[in-house]
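Quick note: numbers below take in every heavy atom, side chains included, and nothing from hydrogens, waters or symmetry partners. Position 1 is the first residue of the sequence, and the numbers go up from there. Small disclaimer: the values here were computed from a predicted structure and weren't measured. Order of appearance sets the numbers: ligands from 1, and atoms from 1 within every ligand.
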Amino acid sequence: MLEITDISVAGYERVRRAVDPSRGLHALIAVHSTVLGKQADGSSRALGGMRLWPYSSLDEAKTDVLRLARGMTYKAACAGLNLGGGKSVIIGKPEDKTPAMFEAMGEFVESFGGTYITAEDVNTKVEDMAPVAKKTSHVAGLAGKSGNPSPKTAWGCFLGLQATLTEVFGSPDVAGKTVAIEGAGSVGSVYGGLIAKHGGKVIVADIRQESALRVAAATGGRVVSPTEIHSVECDVYAPCALGGSLNDETIPDLSCRAVVGAANNQLLEDRHGDALRARGIVYAPDYVVNAAGLINVYCELDPKGYDEPRSMRMAEMIRKTLAEIFAISREEGISTARAADRYAERRIEAARAEAPR
Ligand code: NAD
């Protein structure tokens, strides 16, 4: 049986823990804010994926779910979506997942009555969402709907690249510019293809050498080792692998004018955004650049049904938002990362002020 308990956390609308030993579930769901997710009928909603991770303690899982849920609020705010931020984490090993566990998770999601909408995330796949959907309709990214978000995310990165080139060089023209891509996976490979198609040069690295070779062959680019990619001479460094690529070790070695990539949590700590600014490197905040995947899932929630051209049009917003964030950074003398947070907070505060009391 599913046992659900509420956890009170300051600054969060609702945090709950669920335990169901018979179905192997131990999970947390956090709804950070639904301020931007108010609907015409008075209901409100927040969206964020379902992560499965072998956390070493409940505290570690709680820290992660809270940080990720808050991040979703900011990502949706910067993407201009009518959506709040939430997240769920399941404490467990990926190899132990079962349909019964995901059904229990569906019941847990359902206990939020639609204020939390889930989707796939790290270690959960589109097919894992099918048992979730047996117990709740509040699940997005199902098979046969908006589909794989990675090509959309790559397209959003390309739009972010154009906005950043405009900030640095005064023109969005990618032709002749060199982009060093760290991670030749689902997003990095498509992003590289778009850069090459528009006349840019690609340098690529991946811990799976064959992936890097494939992207280099498709783009006419060259491969370097994963330990070199951040320091190669280029116009733009594009972290498209894991988080934390921008840290005390890598920042002094960067030989680029800007950073525009898909990876989440590229800055190891907030202060690394300040370090990039001090070096005169323009950092396009990750959660603004990589929002097209979220925009795509959001379009699936439309009662009129998913509309791919609409999703692509909505992603165009990334260019304009980045330009505004760069302007805030210049005018207020703060890092672009802090400027993105400020941009999101202003949108949330404006919605809060407008909401009927
Ligand atoms: P992916 O797993 O398909 O690709 C990641 C690639 O990075 C893999 O090929 C892996 O071998 C490589 N890699 C791992 N560590 C590396 C290292 N140290 N150096 C070089 N290469 C390394 O993942 P993806 O879907 O392409 O996502 C890439 C990043 O973008 C992730 O951080 C993800 O969270 C983020 N993101 C993805 C989406 C999406 O729509 N897929 C949306 C938003 C954010």
Side-chain angles (χ1 to χ4, degrees), residues 47-53 64 67-68 71-72 74-76 78-79 81 85 87 89 94 119-126 140-141 145-161 179-194 202-216 218 221-232 237-247 249-250 253 259-268 284-300 308 311-312 314-315 318:
L47 188 141
M50 181 188 293
R51 180 165 296 194
L52 170 60
W53 197 258
D64 207 31
R67 183 182 62 89
L68 292 165
M72 290 307 296
Y74 280 65
K75 188 187 271 211
C78 283
L81 303 180
K87 199 84 183 185
V89 298
E120 60 161 320
D121 196 73
V122 175
N123 288 329
T124 61
K125 297 199 176 334
V126 168
K145 294 212 174 159
S146 66
N148 176 8
S150 304
K152 306 293 188 304
T153 302
W155 169 240
C157 288
F158 184 74
L159 298 171
L161 175 66
V179 182
I181 302 178
E182 177 181 76
S186 312
V187 179
S189 58
V190 180
Y191 186 28
L194 289 165
V202 171
I203 304 173
V204 61
D206 199 294
I207 47 169
R208 296 186 196 128
Q209 174 85 348
E210 66 281 10
S211 302
L213 286 169
R214 209 175 311 122
V215 170
R222 69 183 170 95
V223 174
V224 298
S225 79
T227 53
E228 277 179 278
I229 189 73
H230 69 277
S231 58
V232 288
Y237 168 50
C240 295
L242 302 177
S245 292
L246 301 165
N247 56 48
E249 274 73 51
T250 58
D253 290 348
V259 178
V260 190
N264 280 314
N265 304 319
Q266 291 170 31
L267 301 172
L268 189 61
D286 47 14
Y287 68 74
V288 182
V289 170
N290 70 22
L294 174 66
I295 293 170
N296 198 49
V297 171
Y298 174 80
C299 287
E300 188 183 314
E308 188 176 21
S311 163
M312 303 290 277
M314 282 176 69
I318 290 172

Problem set entry | Contact residues of ligand 1, where a non-hydrogen atom lies under 4.0 Å away |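 Residues near ligand 1: P149, S150, T153, E182, G183, A184, G185, S186, V187, A205, D206, I207, R208, P226, C240, A241, A262, A263, N264, N290.
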Exercise. When rounded to the nearest 0.5 angstrom, what distance separates OH in Y191 from CG in N290?
Worked result: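 Nearest 0.5 Å value for the OH-CG distance: 11.0 Å.
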For this session: Please check if any side-chain donor atom of N296 sits under 3.5 Å from a side-chain acceptor atom of S311, or the reverse.
Result: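 Side chains of N296 and S311: pair found under 3.5 Å.
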Exercise. Between L267 and L246, is any pair of side-chain heavy atoms under 4.5 Å apart?
Worked result: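 L267 vs L246: side chains touch.
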Problem set entry | 4.5 Å side-chain heavy-atom contact, L294 and M72 |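 With C-beta onward as the side chain, the pair touches.
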Problem set entry | Residues forming a side-chain contact (heavy atoms from CB on, under 4.5 Å) with S211, sequence neighbours excluded |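 In terms of side-chain contact (heavy atoms from CB on, under 4.5 Å), with neighbours along the sequence ignored, S211 is linked to A184, D206, R208, R214.
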For this session: Identify the residue among L47, N264, I295 that makes a side chain to side chain contact (heavy atoms under 4.5 Å, CB included) with K75.
Result: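 Exactly one candidate clears the test, N264.
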